[in-house]
Amino acid sequence: DLVSGIYSDALSDLTANVPGETLEVARSYRDGIWQFERLREPVKMVRDSLGVLTSIERLFEKFLQSGAEFVKIGSSSERFVPIRDPANILIGYRYEHRATKLWEDYDLDGHPTAFGLGFDGERRLQARFVYRAGTHVLTEVRNQLEQVVLKFEYDSANRVTRVNGQGGAH
């Protein structure tokens, strides 16, 4: 920007095809540094003073509790449903868009863990996110065959130092 003297730029470092979508590792230059963009943005889990989940915010849209689900204000086709493990313990929430058949899984802190297309018996995984144990540091993205399509390496400050894709390192 010649008027303000602020420089910004964006670039795509790597793309990886998964069925139905292309995952992209992109970064942008702002505030004097290059910053990697997230593959999927986390959602905001809004809790009251006792820690009880009261609403979920996704892309500036609010979902309020209705029974066991959280439904989008003004829409009956978008919702978050609880995800439970085999022991019936709550482990996260699944965003579902009934019209497009898009689904996205999030952990209890709102970080993405998987996404795909289709519902019920036709659900198809597109990609699954793998994090460093006990953290939200993304280490791998796997396709529906559990093949690693993107692998991230970090320095001691958890800054991305290398991205490995199907075509090699970037």
Side-chain angles (χ1 to χ4, degrees), residues 13-14 16 18 20-21 23-28 30-31 33-75 77-98 100-119 123-144 146-164:
D13 289 305
L14 174 68
V18 296
E21 186 166 348
L23 298 176
E24 178 180 40
V25 176
R27 58 189 162 133
S28 56
R30 59 184 180 270
D31 301 327
I33 59 172
W34 283 99
Q35 301 176 18
F36 277 89
E37 305 297 330
R38 297 181 185 273
L39 292 171
R40 283 273 196 261
E41 290 296 320
V43 296
K44 183 177 180 183
M45 302 294 193
V46 180
R47 300 180 190 283
D48 65 15
S49 60
L50 299 174
V52 176
L53 188 61
T54 58
S55 65
I56 300 174
E57 295 176 6
R58 179 184 179 272
L59 302 174
F60 309 106
E61 298 173 326
K62 189 174 250 184
F63 293 74
L64 298 176
Q65 191 165 10
S66 175
E69 301 177 354
F70 288 82
V71 295
K72 181 179 170 185
I73 296 174
S75 172
S77 65
E78 295 179 68
R79 65 186 182 165
F80 280 88
V81 296
I83 303 171
R84 298 190 177 275
D85 70 6
N88 204 31
I89 296 171
L90 181 66
I91 58 171
Y93 289 90
R94 173 171 290 136
Y95 166 78
E96 295 180 345
H97 191 291
R98 296 309 251 175
T100 63
K101 295 191 174 188
L102 169 73
W103 60 269
E104 299 169 351
D105 287 353
Y106 295 88
D107 66 14
L108 293 173
D109 293 325
H111 289 86
T113 58
F115 70 94
L117 295 171
F119 291 122
R123 188 178 310 278
R124 294 181 307 278
L125 176 71
Q126 301 292 43
R128 184 170 66 83
F129 302 103
V130 179
Y131 297 91
R132 188 178 297 150
T135 72
H136 293 294
V137 176
L138 181 64
T139 58
E140 295 177 347
V141 177
R142 295 174 172 259
N143 64 16
Q144 75 279 20
E146 286 296 316
Q147 298 167 324
V148 176
V149 294
L150 296 174
K151 185 173 182 133
F152 299 87
E153 295 177 19
Y154 298 85
D155 64 14
S156 60
N158 285 335
R159 293 178 298 217
V160 175
T161 58
R162 185 177 174 122
V163 179
N164 296 302

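Numbers here are sequence positions counted from 1. These values consider heavy atoms only, across backbone and side chains, with no hydrogens, waters or symmetry-generated copies.
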For Arg84 against Leu90, the heavy-atom pair lying closest together: NH1-N, 3.4 Å

Side-chain heavy atoms of Met45 within contact of Leu108, under 4.5 Å: no

Distance in Å, Arg142 CZ paired with Leu150 CG, rounded so as to fall on 0.5 Å steps: 12.0 Å

Sole residue of Tyr93, Phe70, Tyr95 in ring pair (Phe, Tyr, Trp, His ring centres under 6.0 Å) with Phe80: Tyr95

N/O donor-acceptor pair under 3.5 Å between Tyr106 side chain and Lys44 backbone: no

Listed partners of Asp155 passing salt bridge (Lys or Arg N to Asp or Glu O under 4.0 Å), at least two apart: Arg159

Minimum-distance pair of heavy atoms, taken over all atoms of Val81 and Arg79: CG1-NE, 3.7 Å

Beyond-backbone contact of Phe129 with Val141, side-chain heavy atoms, under 4.5 angstrom: yes

Steps toward side-chain contact (heavy atoms from CB on, under 4.5 Å) verdict (Thr139, Phe152): CA-CA 5 Å; Thr139 58; Phe152 299 87; 5.6 Å; no

Test item: Ser77 side-chain N/O and Arg98 main-chain N/O as donor-acceptor pair under 3.5 Å: no

Nearest-0.5 Å distance that lies between atom OG1 in Thr113 and atom CG in Asp105: 4.5 Å

Inter- and intrachain pairs under salt bridge (Lys or Arg N to Asp or Glu O under 4.0 Å), touching residues 47-60, at least two apart: Arg58-Glu104

Minimum side-chain heavy-atom gap Tyr131-Leu138 below 4.5 Å: yes

Lys151 with Glu153: basic N within carboxylate O range, under 4.0 Å: no

Straight-line distance of Ile56 CD1 to Glu69 CD, nearest 0.5 Å: 10.5 Å

